[in-house]
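Heads up: the structure comes next, in structure tokens.
Read the numbers this way: they start at 1 and go in the same order the structure lists the ligands and their atoms. FYI, side chains are in, hydrogens and waters are out, and symmetry mates aren't considered; it's all heavy atoms of this structure.
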Amino acid sequence: MGIRLGDHQYGKAENRIVRIQRDTARHEITDVNVSTCLRGAFEDAHLTGDQHAVLPTDTQKQTAYAYAKTVGLASIESYALALATHFVDDVEPVSGARVEVEQYGWTRVDADGTGAGHDHTWVRSGQEIRTAAVTVEGPADARRTWVTGGLKDLVILKSTGSEFHGFLQDEFTVLEPTNDRVMATALEAQWRFAGTDVDWNATYAGIKAAMVAVFAELQSLALQQTLYEMGRAVLEQFEDVVEVRMSAPNKHHFLYDLGRFGIDNDNEVFHADDRPYGLIQASVIRDDAPDAGSAWQQYSGLV
Ligand SMILES: O=c1[nH]c(=O)c2[nH]c(=O)[nH]c2[nH]1
């Protein structure tokens with residue numbers, strides 16, 4: 001019976017790194033969750049337990065913290081690019097590295113009521129988590145690099161401007177068609193860049209704004225249509241981006257039956273159901289997008 005080792009990768013998942021810049025009295029905070037992963041000639045560690053090629057996951061963790069100071073976290077994409085490139089360039093058995101980063105937002109408190117924001121106190125921002133993933137492969141003279149940016153947990157709701165009708169029906173269909181419903185989701189999206197010469201922070205802000213604007217403005221016939229139009233808007237407005245992948249739970253809001261009490265309910269009182277939920281997923285891609293290569297080969301999840 002033939003048995004062999006399949007794909008394998010290893011690293012340190014979820015390093016929780018908080019970087020404070022305190023050069024002036026007005027501090028800056030960057031709060032991230034960093035996962036690093038190495039790919040390469042690590043068969044012996046699995047097959048015989050020989051660790052000679054294995055850079056410990058603890059060392060990967062120490063490097064992630066050191067780079068938060070030396071390289072800095074001006075953007076999570078630039079930080080991940082530096083860290084992944086270091087592992088491939090400077091650690092001999094490594095042929096590929098993947099760095100995945102989540103960033104949590106903080107907003108300055110308005111302690112003096114002026115709106116200027118406090119110098120060194122923040123509250124966690126309730127909105128989305130920003131994400132990035134960088135994969136670097138091959139020696140410097142045959143380098144391949146992929147960068148994806150993204151967001152998750154962007155909870156967004158519109159109270160009208162959403163319809164759902166004309167759907168296929170069979171003997172189990174009970175859903176009523178509607179011309180006016182609440183549409184809500186917790187959007188997860190990732191977008192793939194063609195290159196690495198990008199204004200990462202401005203592009204992030206612009207993409208988020210473009211997606212939110214489509215969600216708000218489109219008279220939606222289905223969450224599927226909204227996702228496609230959001231992805232299309234991103235590709236139309238950001239030439240650096242070649243592909244957008246999205247996953248959106250349909251956070252159902254069911255009109256509550258107040259008729260039982262003789263009370264009118266004209267789309268005013270809903271039951272916000274948490275499960276089950278429709279889960280709609282789509283990608284939108286340019287016809288001439290370069291090969292995705294290892295861009296989507298995750299560390300979180302299975303190899
Ligand atoms: O936007 C929607 N898409 C669906 O596929 C679907 N299915 C469903 O029951 N409600 C909805 N809403």
Within a distance under 4.0 Å of any heavy atom of Ala222, pick out the atoms of ligand 1 and give their elements.
1 (O)
Going by atom types only, do Thr135 and Ser294 share a side-chain donor-acceptor pair under 3.5 Å?
no
Nearest protein heavy atom with distance in Å, relative to atom 9 (O) of ligand 1:
Leu175 CD2, 3.5 Å
Quick one: salt bridge (Lys or Arg N to Asp or Glu O under 4.0 Å) partners of Arg39, sequence neighbours excluded?
none
Between Arg130 and Asp153, does at least one N-O distance fall below 4.0 Å, as a salt bridge requires?
no
Do any nitrogen or oxygen atoms of His252 come within less than 3.5 Å of a nitrogen or oxygen of ligand 1?
no
N-O pairing of Glu14 and Arg16 below 4.0 Å:
no
Any heavy atom of Arg181 under 4.0 Å from ligand 1? The part involved is side chain
Would Glu163 count as a contact residue for ligand 1, given that I'm defining contact as a non-hydrogen atom of the residue lying under 4.0 Å from a ligand atom?
no
Does Glu243 come within less than 4.0 Å of Arg245, counting only side-chain N to carboxylate O?
yes
Provide, to 0.1 Å, the distance between atom 10 (N) of ligand 1 and the closest protein heavy atom, together with that atom's residue and name.
Phe164 CE2, 3.5 Å
N/O to N/O below 3.5 Å, does that happen between Leu223 and ligand 1?
yes
Is the ring pair Trp191/Tyr204 parallel, tilted or perpendicular, if the boundaries are 30 and 60 degrees?
tilted
With heavy atoms of Gln224 as the reference, note each atom of ligand 1 found under 4.0 Å away.
1 (O), 2 (C), 3 (N), 4 (C), 5 (O)
